Undergrad: 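Have a look at this one before I ask anything.
Index from 1, following the sequence. Quantities reported herein were computed from a predicted structural model and do not represent experimental measurements.
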Amino acid sequence: MPRDPSQQASAASTASVSPAPPAPNNPPTAAAVPVDASGQAAEPAGEAAAARADRDPHAVIWQRLLDEVSRLPQLPGVYRYFDAAGEPLYVGKARNLKKRVSSYFQKNHGGTRIGVMVGRIHRIDTTVVRTEAEALLLENNLIKTLNPRFNILFRDDKSYPYLKIASHTYPRVAYYRGATDRKHRYFGPYPNAWAVKETIQLLQKVFQLRTCEDTVFNHRTRPCLLYQIKRCSGPCVGIVSPDDYAASVRDAERFLLGEQQEVMDGLQARMMAHAERLEFEKAAEIRNQLSALSRVLHQQAVEAHDDRDVDILAVKLQGGRACVNLAMVRGGRHLGDRAHFPTRVQEEIDAESLDEADAASPEQRVLEAFMAQHYLGGGVPGILILSQPVEPALIEALSEQTGHKVVAITQPREQRRIWLDMAIKGADIALARLLSEEGSQRERTRALADVLDLDPDRLDDLRIECFDISHTAGEATQASCVVFQGHKMQSSQYRRYNIEGITPGDDYAAMRQVLLRRYGKLAEAARTAEPTDAVDGVAPKASTHRLPDVVLIDGGKGQVSVAREVFEELGLHLGLIVGVEKGEGRKVGLEELVFADGRPKATLDPTSAALMLVAQIRDEAHRFAITGMRAKRASVRTGSSSLEEIAGVGPKKRARLLQRFGGVRGVAAASVEELCSVEGISRDLAEEIYRALH
């Protein structure tokens with residue numbers, strides 16, 4: 001997209017320009033940029049502003065921001081706000097950059113969310129584009145890349161599964177997750193794994209396609225059980241010819257594309273042709289296929305013959321949270337739905353509401369954000385059924401991106417109306433369940449804060465880290481660290497630590513090592529940090545790189561003593577450490593809390609919400625440590641656990657690879673050409689191995 005550097009706004013910092021030092025998140029109206037009816041921003045205040053700037057150093061930076069805003073073009077584009085540490089605050093699009101960006105600086109926003117954001121703006125970047133559609137696509141590309149603090153964000157979910165038909169003389173149908181390529185054919189995405197597996201079973205019943213991996217297929221000497229129960233046509237031993245199998249694959253692909261009637265007509269014609277040639281056995285096989293296909297089509301609870309690929313999206317807002325429920329129809333078959341819950345909903349709504357010409361409802365803004373982020377990489381079906389109308393520019397942008405016309409329908413009829421009603425009901429149920437769960441979790445957090453005497457005003461930002469050690473008789477020792485923040489487990493921040501250089505089975509030494517590795521650098525940074533490192537009371541580093549409020553140790557006095565020694569050595573506050581000691585008889589619900597700073601043990605009621613939260617975090621740390629330890633142990637014992645998961649790499653090829661390159665790491669470091677040099681490894685397989693290990 002075109003970008004004119006001369007039109008790109010760039011500034012450095014923000015603060016108040018009032019004579020007295022203002023609240024950091026509350027820029028005064030005196031520094032506002034007035035906007036006339038045409039959207040043209042007037043020049044910022046002159047002598048008065050300069051005089052105030054002399055008295056307040058921060059005002060110089062604020063004045064620079066205003067000057068940059070006043071020079072913005074009245075063109076469509078995208079703007080980005082950054083704080084003093086360079087962290088992105090907000091990304092937005094605009095039909096008119098000058099008018100939209102100026103609106104943030106026109107008035108005093110007080111202590112609102114938008115006021116907090118404006119008070120932290122230290123740099124503005126803008127990009128001019130040709131059309132509003134281009135601005136929309138660029139905006140959401142940047143939102144995914146930058147993860148700004150005040151935008152609506154949906155989890156970048158790449159876990160949607162596909163049904164894969166692998167290229168082969170006898171193609172294999174398989175469940176697949178991951179990046180797609182042109183080498184094979186992919187159908188989907190499907191809303192969940194169950195939908196894919198059900199479809200595979202259907203293809204087995206009707207078209208008898210193989211599902212075995214190539215390593216199994218290439219070494220069969222007799223047909224397997226699937227052939228005996230009429231779920232496979234036995235291509236591994238040549239029972240079916242390549243031409244007949246290819247015809248079944250073509251029929252299966254057409255079925256997946258929604259051409260059910262065409263498939264049935266083709267099967268009918270082939271059956272009659274075989275009958276005319278007196279090939280009654282082959283005719284009977286096709287008759288059985290037709291019968292199975294007819295039963296499958298009649299069993300579909302939700303079916304439409306006119307729609308093939310459709311997405312249905314319903315949005316629901318309640319209690320400050322939002323839910324977008326996405327239901328999928330593929331090949332005319334309703335495959336189920338999946339609920340998506342964005343974060344930072346209110347911040348985005350407050351920011352967008354600054355544009356007085358924008359009359360979009362909060363539901364519309366949430367739905368537009370989801371559609372832009374979800375469909376940014378493609379995969380847009382031709383028909384979208386929506387519970388809320390969206391901007392035509394969004395539909396135009398999706399059509400341009402995918403290369404085919406996308407139609408949005410907000411007032412569907414007949415079967416489509418049923419689909420939309422189902423999606424709306426699903427959104428209602430999912431959001432109600434989320435609010436109920438979050439309410440319970442907040443109560444648990446508050447109860448634990450009461451027990452530990454923590455600040456009740458900072459519960460939303462309360463950070464708890466929990467450690468556990470796992471090994472098998474000293475083998476494959478691993479430590480886990482799990483994180484609880486924002487009233488929920490933060491799985492993306494979990495970490496595992498391989499413990500080495502200790503006596504096998506020494507849990508105390510393992511705990512000492514992991515705590516030193518986890519908090520050594522943070523303690524050093526805390527000692528050397530200057531008070532000016534924080535801007536407007538906000539630390540320059542993200543919350544994932546700060547000391548926690550509570551450090552939970554899965555263990556009693558011994559483990560807590562080790563943690564106390566480490567914290568004393570690092571100069572950290574001992575009040576952070578809380579040990580979870582097993583109660584009498586090591587029974588669940590009788591745990592006691594042990595403190596490193598000399599406080600007496602705390603025994604909680606088994607029904608206590610605080611104990612429930614402690615148990616939840618402790619159990620998650622235990623689970624995470626055990627799964628990591630088992631994986632490490634298996635890798636150490638076999639030396640090839642990751643290779644075993646690659647289709648086409650059997651025991652012999654795996655052994656050759658490990659012998660040639662000296663282990664899995666050596667195989668991962670090898671190029672495609674080097675992998676091809678190993679006996680039995682074709683270029684296609686080498687590329688597959690390379691992709692799997694990178």
Undergrad: Take T627 and R496 through the side chain to side chain donor-acceptor pair (under 3.5 Å) test and state the conclusion after the steps.
TA: CA-CA 10 Å; T627 54; R496 290 192 181 102; 2.9 Å; yes
Undergrad: Think R210 forms a cation-pi with Y170, using NZ or CZ under 6.0 Å from the six-ring centre and within 45 degrees of its axis?
TA: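 Pair R210/Y170 does not count as cation-pi.
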Undergrad: Which of parallel (below 30°), tilted (30 to 60°) and perpendicular (above 60°) describes Y186 and Y176?
TA: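 Rings of Y186 and Y176: tilted, as their planes differ by 30° to 60°.
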Undergrad: State, to 0.1 Å, how close Y375 and P381 come at their nearest heavy-atom pair, and which atoms those are.
TA: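 Minimum heavy-atom contact is CE2-CD, 4.2 Å.
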Undergrad: Ignoring hydrogens and angles, tell me if any N or O in the side chain of T477 forms a donor-acceptor pair with the backbone of H471 under 3.5 Å.
TA: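 Not a single qualifying donor-acceptor pair exists.
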Undergrad: Do you know which two heavy atoms are closest between S387 and V315, and how far apart they sit?
TA: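 Looking at all heavy atoms of both residues, the closest pair is OG-N, 3.1 Å.
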Undergrad: Salt-bridge test for D421 and K425: reply yes if a basic N is under 4.0 Å from a carboxylate O, no otherwise.
TA: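 Answer for the salt bridge query: no.
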Undergrad: If you look at every heavy atom in A423 and I312, which pair is closest and at what distance?
TA: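 That closest heavy-atom pairing would be CB-CG2, 3.7 Å.
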Undergrad: For D311, enumerate each residue passing the salt bridge (Lys or Arg N to Asp or Glu O under 4.0 Å) test, keeping only those at least two apart in sequence or located in another chain.
TA: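 Once residues adjacent in sequence are excluded, the partners of D311 under the salt bridge (Lys or Arg N to Asp or Glu O under 4.0 Å) criterion are R330.
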Undergrad: Quick one: which residue pairs count as a salt bridge (Lys or Arg N to Asp or Glu O under 4.0 Å) with a foot in residues 218-236, not counting sequence neighbours?
TA: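 As it turns out, there is no salt bridge (Lys or Arg N to Asp or Glu O under 4.0 Å) pair with a partner in residues 218-236 once direct neighbours are skipped.
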Undergrad: Is the shortest side-chain heavy-atom distance between H340 and F370 below 4.5 Å?
TA: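 Counting from C-beta outward, H340 and F370 do come under 4.5 Å.
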Undergrad: Donor-acceptor check, side chain of E368 to backbone of E391, threshold 3.5 angstrom: yes or no?
TA: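 The answer is yes, because a donor-acceptor pair under 3.5 Å joins these two groups.
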Undergrad: Decide yes or no on side-chain contact (heavy atoms from CB on, under 4.5 Å) for M371 and L384, but give the supporting numbers first.
TA: CA-CA 10 Å; M371 291 172 62; L384 299 176; 3.7 Å; yes
Undergrad: With side-chain contact (heavy atoms from CB on, under 4.5 Å) as the test, would you mind laying out the steps for L685 and K653 before giving the verdict?
TA: CA-CA 11 Å; L685 182 55; K653 292 178 182 177; 3.8 Å; yes
Undergrad: Please enumerate all residues that pass salt bridge (Lys or Arg N to Asp or Glu O under 4.0 Å) together with E414, with sequence neighbours excluded.
TA: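 Listed in chain order: nothing, the list is empty.
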Undergrad: For H184, does the NE2 atom sit with more than 12 other heavy atoms under 6.0 Å from it, leaving out its own atoms?
TA: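 More than 12 heavy atoms, drawn from other residues, nucleotides or ligands, come within 6.0 Å of this atom.
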Undergrad: Specify the closest pair of heavy atoms between L657 and V667, including all atoms of both residues, with the distance to one decimal.
TA: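 L657 and V667 have their closest heavy atoms at O-CG2, 3.7 Å.
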Undergrad: Would you say K405 has more than 12 foreign heavy atoms packed within less than 6.0 Å of its NZ?
TA: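 No - once you tally the heavy atoms of other residues, nucleotides and ligands closer than 6.0 Å, there are 12 at most.
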Undergrad: Could you tell me which non-hydrogen atom of S677 sits nearest to which non-hydrogen atom of R660, and how far apart they are?
TA: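 Answer, listing the atom of S677 first, then R660: OG-NH1, 2.9 Å.
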Undergrad: With a 4.5 Å cut-off on side-chain heavy atoms, are P412 and R417 touching?
TA: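 When only atoms from C-beta onward are counted, P412 and R417 do touch, with a gap below 4.5 Å.
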Undergrad: So which atom in Y245 and which in S233 form the shortest heavy-atom distance, rounded to 0.1 Å?
TA: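 Residues Y245 and S233, closest heavy atoms: CD1-OG, 3.5 Å.
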Undergrad: In chain order, what residues pass the side chain to side chain donor-acceptor pair (under 3.5 Å) check against S241, with sequence neighbours excluded?
TA: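 Once residues adjacent in sequence are excluded, the partners of S241 under the side chain to side chain donor-acceptor pair (under 3.5 Å) criterion are D244.
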Undergrad: Can you tell if the side chain of C323 reaches within under 4.5 Å of the side chain of L434, non-hydrogen atoms only?
TA: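 Answer no - side chains too far apart.
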Undergrad: Around H404, counting heavy atoms of other residues, nucleotides and ligands shown, do more than 12 lie under 6.0 Å from its NE2?
TA: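 Check passes, neighbour count above 12.
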Undergrad: Begin from the C-alpha positions of L420 and R416 and carry the test side-chain contact (heavy atoms from CB on, under 4.5 Å) through to its verdict.
TA: CA-CA 6 Å; L420 181 57; R416 294 175 176 177; over 6 Å; no
Undergrad: Please confirm whether the backbone N or O of Q485 pairs with a side-chain atom of Q490, one donor and one acceptor, at under 3.5 Å?
TA: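 Indeed, once roles are kept as given, a pair shorter than 3.5 Å links the two residues.
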Undergrad: Counting C-beta onward and ignoring hydrogens, is there a side-chain heavy-atom pair between L203 and F255 closer than 4.5 Å?
TA: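 Yes; the side chains approach each other to less than 4.5 Å.
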Undergrad: Looking at Y190, I'd like to know if its OH atom is crowded, meaning that more than 12 non-hydrogen atoms belonging to other residues, nucleotides or ligands lie closer than 6.0 Å.
TA: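 Counting other residues, nucleotides and ligands, OH of Y190 exceeds 12 neighbours.
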Undergrad: Could you walk me through whether V173 and K164 pass side-chain contact (heavy atoms from CB on, under 4.5 Å), step by step?
TA: CA-CA 6 Å; V173 59; K164 171 182 173 182; over 6 Å; no
Undergrad: Distance from K183 atom NZ to D684 atom CG, nearest 0.5 Å?
TA: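 Answer for the NZ-CG pair, K183 versus D684, is 3.5 Å.
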Undergrad: Just jot down the side chain to side chain donor-acceptor pair (under 3.5 Å) partners of E620, sequence neighbours excluded, or say none.
TA: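 Once residues adjacent in sequence are excluded, the partners of E620 under the side chain to side chain donor-acceptor pair (under 3.5 Å) criterion are Y494, R623.
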Undergrad: Take R683 and E673 through the test salt bridge (Lys or Arg N to Asp or Glu O under 4.0 Å) and record every step on the way to the result.
TA: CA-CA 8 Å; R683 184 167 189 84; E673 288 71 19; 3.3 Å; yes
Undergrad: Working to the nearest 0.5 angstrom, can you tell me the gap between L386 CG and E363 CD?
TA: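 Here the interatomic distance stands at 13.5 Å.
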Undergrad: Please enumerate all residues that pass side chain to side chain donor-acceptor pair (under 3.5 Å) together with R433, with sequence neighbours excluded.
TA: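 Per chain and number, R433 pairs via side chain to side chain donor-acceptor pair (under 3.5 Å) with no residue.
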Undergrad: In Å and rounded to the nearest 0.5 Å, what is the CG to CG distance from L209 to L226?
TA: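 L209 CG to L226 CG: 12.0 Å, rounded to 0.5 Å.
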Undergrad: So do the side chains of D251 and R254 get within less than 4.5 Å of each other, counting heavy atoms only?
TA: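 Yes; the side chains approach each other to less than 4.5 Å.
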Undergrad: Starting at CE of M489, measure out to CD1 of I617 and round the result to the nearest 0.5 Å.
TA: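 Atom-to-atom, M489:CE and I617:CD1 are 5.5 Å apart.
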Undergrad: Hey, could you give me the OG1/OH distance between T211 and Y175, rounded to the nearest 0.5 Å?
TA: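 Rounded to the nearest 0.5 Å, the OG1-OH separation comes to 15.0 Å.
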Undergrad: When rounded to the nearest 0.5 angstrom, what distance separates OH in Y690 from CD in E687?
TA: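 Rounded to the nearest 0.5 Å, the OH-CD separation comes to 11.0 Å.
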